[in-house]
Amino acid sequence: MTLIRRLYCILCLVSGVALLAASSPAQEADSVLIDTAGVEVTPAPAPPVNVGARDTPSDEGYSITVFWELSADDRPGEDFVTGYRILRAETPEGPFREVGFSSVGATSYTDASTEKKTDYYYRVETQADGASSSSPVIGPVQSTAQWFNFNLLNLLIIEGIICLAILYFIYSAKSGKKLFLRKIAGLEAVDEAIGRATEMGRPILFIPGIQDMDDVQTIAGITILGRIAKTIAQYDCRLHVPVSRSIVMTTARETVKEAYLSAGRPDAYSDDFVNYVTDEQFGYVAAVDGIMVREKPATCFYLGAFFAESLIMAETGHSIKAIQIAGTAMPAQLPFFVAACDYTLIGEELFAASAYLSNEPRQLGSLKGQDVGKVIAMVFILLPVIVLTLGAIFGWEFATRAGEFVRDWFRLIQM
Amino acid sequence: MNNRVLAYIVVAVGIAVFAILAATQGFAVTMGAFFTIGIFSFLYKDNPYYKFSEAVFVGISAGYWFVSLFWQNMVSKLYMGIQAAYNTTFVEHAGWDDRWMMLLGGLLGLFMLLRLFPKIGWLSRWSLAVIVGATAGLYFINYFVSNGIIQLGAIIAPLQSFTEAGKLDWWGTISQALLVAGTLSGVVYFYFSKEHTGAFGGVAKIGIWTLMLTFGASFGYTVMSRMSLLIGRMDYLVGTWLGLIR
Amino acid sequence: MKRQVPLAITAVVGIVYIFQYFVPHEPVSKFSDWFSDWFAIIQAFAIWLGALNLMKLSAIKVARRKRDWIYSLVTIISFAIIVIVGLFFSGGTDFQVRGTRFMYIYDNVYDPLSSTMFAILAFFVASASYRAFRARNKEATMLLLAAFFVMLGRVPVGDMISAFMPEGLRFSNVADWVMNIPNMAGQRAIMIGIALGIMSTSLRIILGIERTFVGGD
Amino acid sequence: MNFWVRLMTIDRRIIFLFVVIAVTIPLFLNISQEIVVSTEVQTGFDAFSALQPGARVLVACDYDPPSSPELQPMAVATFRYCLDHDLKFIIIGLWPQGPQQANAAFETVLGYPISDTITYNGKTLIYGRDWVNLGFQAGNELVIQRMGSSIPAAFPRDYRGTPLEDLPLMQGVQNFNNIDFVMNISAGYPGVYEWVQFGVDRFGVRLVGGTTAVQAPLIYPYYGSGQLLGVLGGLKGAAEFEGLVGVSGKATQFMLSQSFAHVIVILFIIVGNVAYFVGGRKQKKT
């Protein structure tokens, strides 16, 4: 070690002792030891400076963030300092126990094990192999909960924009503005499919997925059932909806009943249209397969959240030569529906279906709003990518920074 | 007549075979194998053996869920929850306990049951309204965060990538470009308020191709998965039941 | 009344549950936990409706000696057996601990049945690929190609038969590429679409524009 | 009727028969084949092996017997690895059968039924100190969300009703900050999807997902975006993982049947297409 370095260490040591003298007696003791032991043993590293602690913002109130400035000995390229110990106590006198450890170069630590409305005192120790030196005790600090999570501000803004777009079009549509919507093959085919069943005098099978009402896909499926049931009521054709969840059964009955009511055929409705089989995925499929091969429905709708059973149904449906219209937001099942069914609503189309079938301006308006969302998404992909690429090609600092800013905007979503 | 006799013979032989195997291989595993084969028989065609297995399956599984929900949700959650809340508030006098909120759940549950009484059945709509409203609210954010925003953030990166040597990695760059292009065209395919014609239609076309490649990939993986399950089943029949492997 | 109140409830609850995400402060931060409890409890009540419905239909079949009534009888019996065993002879709340009678039925009847039903898929996958995966047009061909490479690339044999090719073109690497580029692009496009779809569906429900489930429009 | 046309409209039961043969025969054969480890499995394993002895691993088993052919080998390999490297593990399940599957897998590793004290390679492990099983908890993704704020709140007791405070391993485990690593083995919903949405995005857990092959393509985007440290996809992923961990389990053993099955499906597709084109043209003429 050079003389300067040695002197420097002693200096740090003394200052450390001075600081410690103000803090806990225990610490004083061991630092004195180091002192008397003199420069023969590993000298104590400089303690971190300007140590502070504050309640972590935007949280539930169970954490405190401790921050500091690097110890004078914590310099890049030197492995003298090994890291920082964060110690906590509920009184200035201690006892202090370690709550966390931060590696070299770190300047803050979030202690996520605090209780609300309790005073905490912290100190941070610089660790060097064999020796350590502590900052003065700071505090008291309390952790409290906040009413808004500012880490999510960006999310709120993005969602806000899209919502406004959707709302705008809902209401502009209400005011009678004409909206163009492209045809969706699967939905164009619905009437034809129902008509076919009527001609053949065979029932129509509707499967609203196998998830419960706490899945938005099931809700989407049920809303579509509402539209379809209305048509079925008018065609006066038999509808069968076996379900795998009791709550779905209840909801489906409400929905179908209303559909028949609004179609002016309340007399034709019966609760037996909708029946519960079992919550068990494959028990349900076994039963539905049985229903298919025995009742031989002319048309099968599979609209909702599907898992493995999708193919069992689709293949059985095909073997009985039924027209099959499927739709789900489960990407893993889409290939089978696409391959085995006559029409498939892919992902978003499932959610658009009810609005599309309703033909009600406000509903259609919401679809237009979704498109705005897509445009926003595409812009947010394309621009930053271009900017970043150019930045990387021509080494434009500002471009790179701008691009990364946008990216981080999307990445910065956590609680 | 002949068919009937034949059927009886088949049934008799079947019972005999299973009886013997039950004796040699153990009753439990044979019962499992019995139902396994019963379900498989559907592959040949719908038949009484399958119908029987199906009926058992429906009954057993419905009962299974009935029992599970009863002990886990009705008893452990609702009853014990309220009990614990009662203790904190009235026995330990420790004030409010969040588990009191379970009562609200119980109330909504009762509303559901009121459907059994047509006069007041409409109250069940209130429970449904809560469920649907909460689901809508929760999905509104959560799905968008994990599948919208973060995916967007993940795409945003400079197109060109470099090899360890620091040279431009052409293939990597092209791939990255394709990734972005594929995603964008895919989004275009879902665009509702414009006819898929002209240049726009062309992009949408690329979009559907991308989707098809995606589906192909899923399909490939699914084949793998499904085959694994069948292997597992065959292992059960041939190995665990009949003990023919090693 | 019967219609307006549910719509109002939906709207209020929906909005509350959107905003709870942004509010870390109690009790709001607890709302989603509460909902999970409520839903679990509602399920526990609702299944009585389901079970009763199942029993009713089966009983009617048996009573009227409809076709295949005997199987409905089997359903009723097996339901009764497991419910009685599960409620009264399996040690109450730890009915799922190994060794209970309930688990015996689970392991030797329920499990083989569902596993087999699941395994049946293998056959349908095969027949579907034979029947439906035909290069009818460009789209279908795309799907085929991707499936082909992934299927071969994901099993050792794929690398055996493509061992002669340069490293980058071995099936496993091609499969990786398909997974990481086109597959990921497609998945993302689908996800973004769905995310928007869900947003506007939720919005329609909360605004009461989509109201089929509480009846009528 | 011409041969190709007949081939096109072949009775699917014949196809079924082929499948059975293709899958069953290899079970009796004993051909070893080299298994190439894919990057997503490798990175997952690396994240695993970066853990120091004594680290707390949360093993979330979200599957039931039907999917166990694919997933059980992963669980077995995971526990084997934890035991070999003195990692402490906490078992939970969002599926009712998950924790039992975990116990079964654990017993496969040990080779005998679990008890409160077990010995493995001379090491003595004590329940509650070296591993715990917190059992099943209803509520799907919301359970994960609750664990983010407080694990004791989400799982007040372990699977046999012991309060958490009586389990040494759970001392000082407040939330995900006190968990070093999460291994999720899932067959669907709730599963990796939900663990990413709630565990990773909201609480920043370090997550590796083992899934059925069906799920794998769905979670690739999360791997690409760095939300997942690794992906074990289906039986192949399991076999690769077994290879890295150094066990020759069911997955490795089943790989041959797997290869055969894939080949036969591909043959079906090819034959189907040939028949379609040749036969299709003929059909138009006649």
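Reminder, nothing fancy here: chain letters follow the sequence lines and each chain counts from 1. As the structure is a computational prediction, the values presented were derived from the model and not from experiment.
Looking at Asp235(B), the atoms closer than 4.5 Å to chain D (heavy atoms on both sides) sit in the backbone and in the side chain alike. Residue contact with chain D, scored on non-hydrogen atoms closer than 4.5 Å, is absent for Tyr236(B). Only the side chain of Arg226(B) comes within less than 4.5 Å of a heavy atom in chain D; its backbone stays farther off. Within the 4.5 angstrom heavy-atom criterion, only side-chain atoms of Gln137(D), from C-beta onward, approach chain B. With a 4.5 Å cut-off on non-hydrogen atoms, Phe254(D) touches chain B through its backbone and its side chain both. In this structure, the portion of Ile269(D) lying under 4.5 Å from any heavy atom of chain B is its side chain and not its backbone. Contact of Lys236(D) with chain B is made through backbone and side chain together, with heavy-atom distances under 4.5 Å. Of the two parts of Phe215(B), neither the backbone nor the side chain holds a non-hydrogen atom closer than 4.5 Å to a non-hydrogen atom of chain D.
Proximity to chain B at a heavy-atom threshold of 4.5 Å picks out Val19(D), Val20(D), Val23(D), Thr24(D) from residues 17-26 of chain D, in numerical order.
With sequence neighbours excluded, the residues that form a side-chain contact (heavy atoms from CB on, under 4.5 Å) with Ala187(D) are Tyr63(D), Ser67(D), Leu71(D), Trp95(D), Thr212(D). Annotation: side-chain contact (heavy atoms from CB on, under 4.5 Å) contacts of Pro163(D) (sequence neighbours excluded): Arg157(D), Glu165(D), Asp166(D).
Taking each heavy atom of Ser228(B) and Pro69(D) in turn, the nearest pair found is O-CB, 3.7 Å. Nearest approach of Pro96(D) to Tyr64(B), heavy atoms of both residues: CB-OH, 4.1 Å.
Residue pairs meeting the salt bridge (Lys or Arg N to Asp or Glu O under 4.0 Å) criterion with at least one partner in residues 45-60 of chain B, sequence neighbours excluded, are Arg294(A)-Asp46(B), Arg294(A)-Glu54(B), Lys51(B)-Asp68(C).
The CD atom of Gln253(D) sits 10.0 Å away from the CD1 atom of Ile231(B) when rounded to the nearest 0.5 Å. Once rounded to the nearest 0.5 Å, the distance linking CG of Leu244(B) with CZ of Phe28(D) reads 5.5 Å.
The 12-atom threshold is not exceeded at CH2 of Trp170(B), counting heavy atoms of other residues, nucleotides or ligands nearer than 6.0 Å.
Looking only at side-chain heavy atoms (C-beta outward), Arg13(D) and Leu43(B) stay at 4.5 Å or farther from each other.
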